[in-house]
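So the structure is just underneath, and the comments pick up after that.
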Amino acid sequence: MAAVAMGSVSGRVIPPLTVRMARASNPRGTAAMRVRDRLDGLFTDADFADWYPADGRRGMSPVRLALVSVLQYAENLTDRQAADAVRCRLDWKYCLGLELDDPGFDFTGLSEFRGRVAEGDRAERLLALVVDRLAAAGLVKRRGRIRTDSTHVLAAVRRPNRVNWSLRRCAVLWRTSRCRARNGWPLS
């Protein structure tokens, strides 16, 4: 595979100080920490290789942006709030494998990432990939087509586009598996 002009985080180890601080401040863990612990490798650099040119300035990691997008929708945050969470929250730094002094990124990077996701059939491919990996981890069970409850769609003020729908579905699948695990229900 040719090198691409994107930042890399696949296989990155969480810095030890970040682990200690996150565990000390959240001994029972948080949703973001459980994402890292249970779903490390949900996204890999190879998943986004064809989204970026092979030359040019190195950009933000698409793996990191994808994880931030899932956390953002799970917590119903704006782009600015999500970028602030990356900069300020220990559990998000843990999830993303960042040093405590990592400055994060400008919030506009999230909308640029969603623009890349919206091209062609990338949103559907990314959602299918997430569902496959969640199923492989035993967190969801495949039962046919991927779908969502239409009540939420009809109640929405604006009609969500494919990117927003895909990211929301990822967040719903993740929240459902988290709820089932917390209540002691089978995960599949």
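On a predicted model such as this, the values are computed, not experimentally measured, just so you know.
In this structure Glu112 satisfies the side chain to side chain contact (heavy atoms under 4.5 Å, CB included) test together with Thr108, sequence neighbours excluded. By the side chain to side chain contact (heavy atoms under 4.5 Å, CB included) test, Arg125 is found to be paired with Asp50, Trp51, Asp121, Arg122, residues two or more places apart in sequence or in another chain being considered. In this structure, the side chain to side chain contact (heavy atoms under 4.5 Å, CB included) partners of Asp102, at least two apart in sequence or on a different chain, are Lys93, Leu98.
Applying the 4.5 Å side-chain rule to ILVMFWY residues, one finds Ile14, Met33, Tyr94 in the same cluster as Val19.
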List the atom pairs, donor and acceptor, that lie under 3.5 Å between side-chain atoms in residues 80-89 and the rest of the protein, sequence neighbours left out.
| residue | atom | partner | partner atom | Å |
| --- | --- | --- | --- | --- |
| Gln81 | OE1 | Thr78 | N | 2.9 |
| Gln81 | OE1 | Thr78 | OG1 | 3.3 |
| Asp84 | OD1 | Arg87 | NH2 | 2.6 |
| Arg87 | NH1 | Phe105 | O | 3.4 |
| Arg89 | NE | Asp91 | OD1 | 3.1 |
| Arg89 | NH1 | Glu75 | OE1 | 2.7 |
| Arg89 | NH2 | Glu75 | OE2 | 3.3 |
| Arg89 | NH2 | Asp91 | OD2 | 2.8 |

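Pro15 and Gly97 make their closest contact through CD-O, 3.6 Å (heavy atoms, listed as atom of the first residue, atom of the second, distance). Scanning both residues, Gln72 and Asp79, for their nearest heavy atoms gives NE2-OD1, 2.7 Å. Nearest approach of Asp37 to Arg23, heavy atoms of both residues: OD2-NH2, 2.6 Å. Annotation for Cys95 and Leu67: closest pair O-CD1, 4.3 Å, computed over non-hydrogen atoms.
In the hydrophobic clustering of ILVMFWY residues, with side-chain heavy atoms under 4.5 Å counting as a link, Leu96 and Leu77 come out together. Side-chain heavy atoms closer than 4.5 Å link hydrophobic residues (I, L, V, M, F, W, Y) into clusters, and following such links, possibly through other members, connects Val63 to Val131.
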Please assess Trp92 against Val68 for the test side-chain contact (heavy atoms from CB on, under 4.5 Å), listing each intermediate value before the final yes or no.
CA-CA 8 Å; Trp92 281 44; Val68 169; 4.1 Å; yes

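Here the straight-line distance linking atom CZ of Arg36 with atom OG1 of Thr30 works out to 13.0 Å at 0.5 Å rounding. Summarising the geometry, atom CG belonging to Leu90 is positioned 6.0 Å from atom CG belonging to Leu100; distances are rounded to the nearest 0.5 Å.
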